[in-house]
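Notes for the one structure printed next.
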Amino acid sequence: MNDDSLRRQLDELCRAINDHNYRYHVLDQPVVSDAEYDRLLSELRAIEEQHPEWVPPDSPTQRAGAQPSARFSKVRHPAPILSLGNAFSEADLRAWFERISRVDERVRKASFVAEPKLDGLSVVLHYADGLFVQGATRGNGEVGEDVTPNLRTLRSLPLRIPVDRSAPKPPADLFVRGEVFFTKADFEALNKRQAEEGGQIYQTARNTAAGTLRQLDPAITAARPLNLFAYNIVSAHGQAPTTQWATLELLRTLGFPVASESHVCKSMDEVLALYEQWKASRDELPYEVDGMVVKVDDLRLAEDLGFVGKDPRGAIAYKFPALEVTTSLQDIGVNVGRTGVLTPYAMLEAVEIGGVIVKQATLHNFDFIKDKDIRVGDRVLVKRAGDVIPYVIGPLLAARSGKEKKYVPPKTCPVCGQAVEHLAGEVAWYCVNAACPEQLVRNVEHFVAVLDVVGMGEKIVIQLIQAGLIKDAADIYSIKREDLLKLEGFADKKADNLIASIQATLTNRSLSWAITALGIRGVGDVVAQKLARKYHDLDALSKASATDIDDIEGIGPSIAQAIVDWFAKPTNRNVLKKLKKAGFWPVSQPPKKPSGAQPFAGLTFVVTGTLPAFSRKEARDFIEDLGGKVTDSVSAKTSYVVVGEDAGSKLERAKQLGVATLDEPALRKLAHKRK
DNA sequence: GATCCTCGAGTTCG
DNA sequence: CTCGAGGATC
């Protein structure tokens with residue numbers, strides 16, 4: 001790249017970042033995610049490092065933030081409230097360590113304090129003779145906004161220190177730095193309340209915390225449970241501790257809430273190990289954490305290290321991979337499901353979220369698009385939380401250029417072209433063409449997936465259909481070895497394996513799985529099990545009347561009718577006939593006699609996360625064998641939630657509802673105890 | 001009629 | 001995991 005274009009890029013980056021700063025700090029309406037902002041900033045830094053002579057006076061690297069808005073009176077901080085440099089990888093962190101070690105050899109033997117980096121809003125609290133007299137936002141680092149009345153509403157903020165009167169007295173003038181934030185549970189509860197009252201739904205906890213703290217009416221702030229953690233002493237008239245760890249201890253002694261995760265590390269290796277640990281368990285924390293702040297514990301050493309621009313060298317923020325990013329929604333596509341449901345999905349400009357590149361995300365249904373007012377061309381916020389599947393939270397209205405296009409749902413099936421239908425009172429739109437090729441593919445896929453035919457994924461199914469080898473699910477049993485060998489990509493071994501895998505379904509498959517495999521709308525494994533208990537084979541089920549099926553507990557008129565309708569269709573009758581002929585005809589097994597004790601009788605369990613010794617299915621079998629019930633969602637009726645590694649929202653919910661949790665050993669112990 | 005619970009369906013990437 | 005909808009319960 002030549003100098004001219006590099007310089008243009010520098011100017012463009014400055015302009016963009018200044019704009020983002022304004023939107024973030026003044027408007028509370030960011031149009032890019034933190035991760036993207038950080039990326040722009042590090043690009044800018046890289047150029048400025050190469051060409052320090054180019055750095056413009058208004059470069060965002062030359063100040064710590066943006067101007068405060070005019071609504072609140074201004075407060076000058078006693079010392080500049082610094083920002084931190086970022087590290088995004090182990091290499092970045094080690095490079096930082098090497099850099100500061102070269103500045104001062106003592107660093108090599110130094111200890112570090114690791115603190116969780118909360119996704120909140122920085123504040124400075126002023127205590128005069130132990131009394132909370134003023135609190136301000138960070139603002140641009142030198143001047144912030146006076147939000148004292150709002151801060152007073154925070155329950156965790158001590159209005160007088162020390163809270164414990166017997167503790168030592170604090171310095172006459174103490175300025176404490178802290179972070180204001182919502183816990184995940186409080187934020188969810190707030191949104192739930194907003195939804196009930198028909199109010200606005202907030203997208204991100206951080207922006208809402210910022211908005212809440214900057215309410216002109218403190219009553220509004222008071223009604224929203226903001227939290228505080230203190231982590232720094234900005235100024236204490238020479239009476240501040242000399243290490244960061246002692247600072248945290250002093251703050252705790254005085255009665256400030258301090259993040260309990262904070263930890264002293266004796267080496268970089270310890271820091272890195274702790275980082276990995278935090279990263280793995282970050283979903284379990286009650287608040288959003290977007291990284292780890294690593295500080296040189298010895299504060300005088302940290303001071304000696306000096307600054308790079310406005311960032312102190314003695315501390316750095318080591319970020320977690322972002323879980324929430326913004327990207328642009330390039331188009332909306334539509335999938336056709338097994339039941340004919342049309343499901344829209346977002347085609348996104350590729351972005352990295354939590355370590356993987358995401359290009360697509362479901363949009364659930366057409367109402368979702370309409371309710372969130374998602375338009376093609378929008379910048380959207382995409383989240384990938386403790387789960388794996390990314391989803392679109394909503395558009396960033398502030399980023400609208402006017403060129404975005406409203407989305408019009410298709411009137412016809414995107415695959416077969418037949419008109420789509422919509423049942424009154426239902427959200428979903430259906431392609432009702434029984435011969436729709438997409439539905440056939442999905443149907444066969446479902447059939448083989450339920451019966452556990454290995455080596456038959458989407459690609460192979462499509463290939464077999466296109467080759468004319470199968471016209472419905474039952475046709476898999478008539479596939480010949482020599483037919484497969486003619487297909488591209490099939491040699492002896494692959495063909496043999498597939499045939500063997502199909503043949504394996506003829507033995508040892510229960511009636512309930514067979515019923516599930518048929519793919520009747522509303523019939524999954526639970527309903528199928530109930531049906532298999534009452535009807536001894538598929539013939540018996542096919543002859544049952546709707547009222548007869550309706551009698552089963554847990555099955556109502558609408559599913560009963562769907563079952564009757566399915567068996568009434570000639571094409572499906574034909575499938576049944578073929579299955580019988582092929583020898584796929586499971587019958588009800590006599591109900592298993594409860595073997596031994598039933599210590600879990602009457603108890604309902606939910607299993608979440610990865611258990612150490614059990615697979616999910618083994619855990620389920622274990623519980624059911626002992627007479628317990630296993631369901632998928634946590635409710636007030638759940639007796640125990642069995643928690644494994646990487647447990648997500650179910651654990652959250654269990655805590656909220658006060659449902660008891662068990663780990664695997666505790667589960668075994670419970671089984672033993674109740675015998 | 002409202003509310004809670006449970007089930008099913010579709011879902012991303014490597 | 002999220003959402004919608006069916007079913008049970010009050």
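No experiment lies behind these values; they were computed from the predicted model shown. Residue numbers begin at 1 in each chain, while the letters A, B, ... track the order of the sequences.
- In this entry the distance linking CD1 of A:I369 with P of C:dG4 reads 12 Å, nearest Å.
- Proximity note for A:Y345 (side chain, C-beta onward) versus C:dA5, B:dG10, B:dT12: the nearest is B:dT12.
- Residue contacts for A:L363: at a heavy-atom cut-off of 4.0 Å it reaches no nucleic acid atom on any strand shown.
- In this structure, A:D378 does not pair ionically with A:K372, as no charged nitrogen and carboxylate oxygen lie closer than 4.0 Å.
- Ring-plane geometry between A:Y275 and A:F320 is classed as tilted, the angle between the planes lying from 30 to 60 degrees on a 0 to 90 degree scale.
- One atom, CZ of A:R521, and another, P of B:dG8, lie 14 Å apart when rounded to the nearest Å.
- Regarding contacts with the backbone of B:dG10, a side-chain N or O of A:T339 is found under 4.0 angstrom from either OP1 or OP2.
- Closest to the A:V427 side chain, of the nucleotides B:dG10, C:dG6, C:dG4, is C:dG4.
- Between the C1' atom of B:dG8 and the OH atom of A:Y430 lies a distance of 10 Å, rounded to the nearest Å.
- Distances were taken from every side-chain heavy atom of A:S558 (C-beta onward) to each of B:dT12, C:dC3, C:dG7; the shortest belongs to C:dG7.
- When each of B:dG14, B:dG8, B:dT11 is scored by its nearest atom to the side-chain atoms of A:V527, the top-ranked nucleotide is B:dG8.
- We find that CD1 of A:I563 is positioned 13 Å from C1' of C:dG7, with the value rounded to whole Å.
- A:R338 has a side-chain polar atom (N or O) that falls below the 4.0 Å cut-off from OP1 or OP2 of B:dA9.
- Partner of A:T327 under the side-chain contact (heavy atoms from CB on, under 4.5 Å) criterion, out of A:V382, A:I353, A:V358, A:L381: A:V382 alone.
- Place A:D525 and A:A361 on DNA chain B by their nearest nucleotides, and A:D525 ends up nearer the 5' end.
- Picking from B:dT11, B:dG14, B:dG8 the nucleotide with the shortest atom distance to the side chain of A:T362 gives B:dT11.
- Out of B:dT12, B:dT11, B:dG8, the shortest distance to the side chain of A:V358 is found at B:dT12.
- When distances run from any side-chain atom of A:N365 to the nucleotides C:dG4, B:dG8, B:dT12, the shortest one goes to C:dG4.
- Among A:T343, A:V334, A:D371, the one residue that satisfies the side-chain contact (heavy atoms from CB on, under 4.5 Å) test with A:F366 is A:V334.
- Rounded to a whole Å, the CD1 atom of A:I552 is 16 Å from the C1' atom of C:dA8.
- One can place CD of A:Q360 at 12 Å from P of B:dG14, the figure rounded to the nearest angstrom.
- Residues A:R521 and A:D565 are not paired through a salt bridge, judged by the lack of any N-O separation under 4.0 Å between the basic side chain and the carboxylate.
- Note: CD (A:E438) to P (B:dG10) measures 11 Å, nearest angstrom.
- Mapping A:I559 and A:T343 onto DNA chain B via the closest heavy atom, the residue that lands nearer the 5' end is A:I559.
- Side-chain proximity of A:V526 to the nucleotides C:dG7, B:dG8, B:dG10 is greatest for B:dG8.
- In this structure the side chain of A:I515 reaches within 4.5 angstrom of the side chain of A:L538, judged on heavy atoms.
- The distance from atom NZ of A:K530 to atom C1' of C:dG7 is 9 Å, rounded to the nearest whole Å.
- Of all nucleotides listed (C:dG7, C:dC3, B:dG10), C:dC3 comes nearest to the side chain of A:F368.
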